[in-house]
Amino acid sequence: MKTVNEKARQRKKFQYYFTSILSVILGLIIIFPLFYAICSGFKDNINFDNYPPRILPETFRNLSNFIYVVTKTLIPRYMLNSFVIALSATLVRLIFSTLAAYSFAFFNFKGKNVLFFIIVGTMMIPSEALLISNYLTVSKLGLLNTYAGIVCVYFVSASQVFMFRQSFKTISGALRDAAYIDGCGDLLFYIKICIPVSRPVITALGLSSFINVWNTYLWPLLVTNKEEMRTVQVGITMLSNADSNAKGHVFAGIGIILIPMIILFAISQRNMVRGISSGAVKG
């Protein structure tokens, strides 16, 4: 007869294989649209009307669609715009969020908890509800068709303030007191202790912020009407129109703008998971 340990071992083995197979299936389902989009960039326009439809192109040597997108369209300019906007928004957001989180984690002032819950409560407000007021403000400031007008609405993130506060709360108050005795003020403690300790969280939230701003569509569409100021998500829609049948150009453009995000995610996925999990250690 099988012992209890053998049954438990077999059960764990079954759970392992079941979880692995399920993960592979879900991964294939998620990655299929991306795989199809990249493969479609190698197809001629006539191949999209084939029946039954083919997933793989006839050859991967057909680079005409990619060459057209890079040389005949403004996609490189759109990618530069998105990179500048995403990078500047991410850096400013991280600075503001860490400073605010430090205040809520270590300072004691009247109304601190109320103010913190108000900030966290703003996460329940959909961004679409603020579009009109934000647009009117940016318009009155004369920031339409500028990098500042696009990026200014991404400078503050309530969710990042919350995550960094949770991370800073894991730092012992005794350590801060000891640093004070050694002559380390708040600014040095913030730079030399809090930031290094929270590096996984900073990496995860920074990458998440960069990807989210890179993929933003609606706000850049509203505040820009010049071709050279469009972002990639807005510009990719301009590769096709009702009178054009150039589907290959669209898919080639999609493949090009996805490559940076794929590389970024592949390099940093472990840091993202580690940072997100470490941000919820202490309430």
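The list of side chain to side chain donor-acceptor pair (under 3.5 Å) pairs with a residue in residues 18-35, not counting sequence neighbours, is empty. Sequence neighbours left out, the pairs with a member in residues 183-202 that pass salt bridge (Lys or Arg N to Asp or Glu O under 4.0 Å) are Arg176-Asp186.
When hydrophobic side chains of Ile, Leu, Val, Met, Phe, Trp and Tyr are connected at separations under 4.5 Å, Phe117 ends up as a singleton with no cluster partners. Through direct or relayed side-chain contacts under 4.5 Å between Ile, Leu, Val, Met, Phe, Trp and Tyr, Tyr180 connects to no other residue. Connectivity analysis of hydrophobic side chains (ILVMFWY, heavy atoms under 4.5 Å, direct or indirect) links Tyr16 to Tyr17.
Summarising the local packing, CG of Leu136 is surrounded by more than 12 heavy atoms from other residues, nucleotides or ligands at distances under 6.0 Å. At most 12 heavy atoms of other shown residues, nucleotides or ligands fall within 6.0 angstrom of atom CD1 in Ile31.
Residues passing the side-chain hydrogen bond (donor to acceptor under 3.5 Å, both in side chains) test with Asn134, sequence neighbours excluded: none. Partners of Phe106 by ring pair (Phe, Tyr, Trp, His ring centres under 6.0 Å), not counting sequence neighbours, listed by chain and number: Tyr102, Phe189. Evaluation of the side-chain hydrogen bond (donor to acceptor under 3.5 Å, both in side chains) rule for Thr224 yields Arg230 as partners, not counting sequence neighbours. For the side-chain contact (heavy atoms from CB on, under 4.5 Å) test, residues two or more places apart in sequence or in another chain that qualify with Ile21 are Ile25. Residues forming a ring pair (Phe, Tyr, Trp, His ring centres under 6.0 Å) with Phe60 (at least two apart in sequence, or on another chain): Phe42. The side-chain hydrogen bond (donor to acceptor under 3.5 Å, both in side chains) search around Asn113 returns none, not counting sequence neighbours. Shown here are the side-chain hydrogen bond (donor to acceptor under 3.5 Å, both in side chains) partners of Thr231, two or more places apart in sequence or in another chain: there are none.
Tyr190 and Thr98 share a donor-acceptor pair across their side chains, judged by distance under 3.5 Å alone.
Of the listed residues (Leu130, Val153, Val151, Val213), just one forms a side chain to side chain contact (heavy atoms under 4.5 Å, CB included) with Trp219, and that residue is Val153.
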